[in-house]
Amino acid sequence: MPIASINPATAETLQTFAALSEAQVDDKIARAARTFQTYRRTPLAERASRMLRAAEILEAEQAAFGRVMTTEMGKLLKAGAEEAAKCAWGCRFYAEHAERMLADEPVQSTATESFVRYQPIGPILAVMPWNFPFWQVFRLAAPALMAGNVVLLKHASNVPQCALAIEDVFTRAGFPDGAFQTLLIPPDLVEHILDDPRVAAASLTGSEQAGRNVAGAAGRQIKKTVLELGGSGPYLGLG
C-alpha cells in the first residue's frame, strides 16, 4: 500500500510514495551499519561543522519548511516556521556543547586511573509522531549524530514529505550517505528492523500501545529504548 501525503484542510492527496519492501529496508540498515563504522571515528569538530550547516539550512528555509508542515499535517504557517527555527537552535546547541557533554568523566577508585567514557552504539531507530513533525526528529537526531551514532527514521505515515525534507537537510549539510535515512514503511516492518542485530537501539514518541510493542520487540533483543508515551486512543500501528 502506498504512503500518502494528504492535506488535512482539503482532503487533497498531495503526493504518494511507494512503501519500501523488506529487502529495501535491509539494504538501508546495511548502509547505516557501514556508515557507522567510519562515522563513529569522525572528529567532533567535523560533526559540529555539519550540524551547524544543518542549523543554517533550517533557519534560511524555515518558511518553506513551515509550508510543508501546514499542507501535510495542518500546523499554522507561523507555528511551522517557528518549529523549524527551534530545530536550528537544537542543532546549534548540540554542535556547540557536545564536546563537553561527551568528555571523559574522572571517577575516584583504587585503580591508577578510572573514568566514564561515552561512546556511540550504532544505528538508532527513531519512531516519531506527526504532531511536531520536525522537532521530534531533530531533538533525537542532533544529539545522536553528534555522539557518533547514525539514525533510521520511521516517521508517522501521514508526514512523508516532512520525513524526506529532514533527510534532505542532513544530506545537504554534508553528513555522509547512510548517517540519516528516512524509511517510508508500514508499521508492521518496525519489528523486523528491531530484530536486526545491526540496529542498536530505538526511540519512540507515541501511544502507550505503540510503546508496548516497540519496547517488547526491543526487549526481546536486549536493546536500549527511550519511550515518550501518552494517550490511549485507537491503536494505529507502531508508528
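We use all heavy atoms of the structure for the numbers below, so side chains are in, but hydrogens, waters and symmetry mates are not.
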Any pair with a residue in residues 76-89 that passes salt bridge (charged side-chain N to carboxylate O under 4.0 Å, His left out), sequence neighbours left out, goes on the list, sorted by first then second residue, please. Lys75-Glu83, Lys78-Glu82

Within-4.5 Å side-chain heavy-atom neighbours: [X] and [Y]:
{"X": "Leu76", "Y": "Thr70", "value": "no"}
{"X": "Met101", "Y": "Tyr94", "value": "yes"}
{"X": "Glu72", "Y": "Asn7", "value": "no"}
{"X": "Cys162", "Y": "Met69", "value": "yes"}
{"X": "Phe132", "Y": "Val137", "value": "no"}
{"X": "Phe180", "Y": "Asp168", "value": "no"}
{"X": "Asp104", "Y": "Val116", "value": "no"}

For His192, what residues pass the side chain to side chain donor-acceptor pair (under 3.5 Å) criterion, not counting sequence neighbours? Asp26

With sequence neighbours left out, write down each residue that passes side chain to side chain donor-acceptor pair (under 3.5 Å) with Glu228, or none if nothing qualifies. Arg139, Thr205

Going hydrophobic residue to hydrophobic residue with side-chain gaps under 4.5 angstrom, can you get from [X] over to [Y]?
{"X": "Met146", "Y": "Val226", "result": "no"}
{"X": "Leu44", "Y": "Phe36", "result": "yes"}
{"X": "Met128", "Y": "Ile3", "result": "no"}
{"X": "Leu52", "Y": "Leu102", "result": "no"}
{"X": "Phe93", "Y": "Val169", "result": "yes"}

Between Leu183 and Leu20, does a side chain to side chain contact (heavy atoms under 4.5 Å, CB included) hold up when you go through it step by step? CA-CA 7 Å; Leu183 307 179; Leu20 298 177; 4.2 Å; yes

Looking at every heavy atom in both [X] and [Y], which two are closest together, and how far apart are they?
{"X": "Pro129", "Y": "Ala156", "value": "C-CB, 3.9 Å"}
{"X": "Leu194", "Y": "Ala218", "value": "CD1-N, 4.2 Å"}
{"X": "Met51", "Y": "Cys91", "value": "CG-O, 3.2 Å"}
{"X": "Trp130", "Y": "Met73", "value": "O-CE, 3.4 Å"}
{"X": "Leu184", "Y": "Pro160", "value": "CD2-CB, 3.9 Å"}
{"X": "Pro133", "Y": "Ile166", "value": "O-CD1, 3.4 Å"}

Could you tell me whether [X] and [Y] make a salt bridge, using a distance below 4.0 angstrom between a side-chain N and a carboxylate O?
{"X": "Glu59", "Y": "Arg92", "result": "yes"}
{"X": "Asp27", "Y": "Arg31", "result": "no"}
{"X": "Arg67", "Y": "Glu61", "result": "no"}

Tell me whether the centres of the aromatic rings in Phe170 and Phe138 are closer together than 6.0 Å. yes

Just verifying a value: how many Å separate [X] [atom1] and [Y] [atom2], rounded to the nearest 0.5 Å?
{"X": "Leu227", "Y": "Leu204", "atom1": "CG", "atom2": "CG", "result": "6.0 Å"}
{"X": "Asn149", "Y": "Thr35", "atom1": "CG", "atom2": "OG1", "result": "13.0 Å"}
{"X": "Ile193", "Y": "Arg198", "atom1": "CD1", "atom2": "CZ", "result": "11.0 Å"}
{"X": "Glu12", "Y": "Ile6", "atom1": "CD", "atom2": "CD1", "result": "10.0 Å"}
{"X": "Glu46", "Y": "Arg41", "atom1": "CD", "atom2": "CZ", "result": "14.0 Å"}
{"X": "Ile185", "Y": "Phe17", "atom1": "CD1", "atom2": "CZ", "result": "15.0 Å"}

Under 3.5 Å: donor-acceptor pair, side chain of [X], backbone of [Y]:
{"X": "Lys223", "Y": "Ala202", "answer": "no"}
{"X": "His155", "Y": "Thr182", "answer": "no"}
{"X": "Thr71", "Y": "Val68", "answer": "yes"}
{"X": "Gln37", "Y": "Arg34", "answer": "no"}
{"X": "Gln181", "Y": "Leu153", "answer": "no"}
{"X": "Glu191", "Y": "Val214", "answer": "no"}
{"X": "Arg47", "Y": "Thr42", "answer": "yes"}

For Gln15 and Ser5, does a side-chain donor sit closer than 3.5 Å to a side-chain acceptor? no

Please check if the number of heavy atoms outside Tyr39 that lie under 6.0 Å from its OH is greater than 12. yes

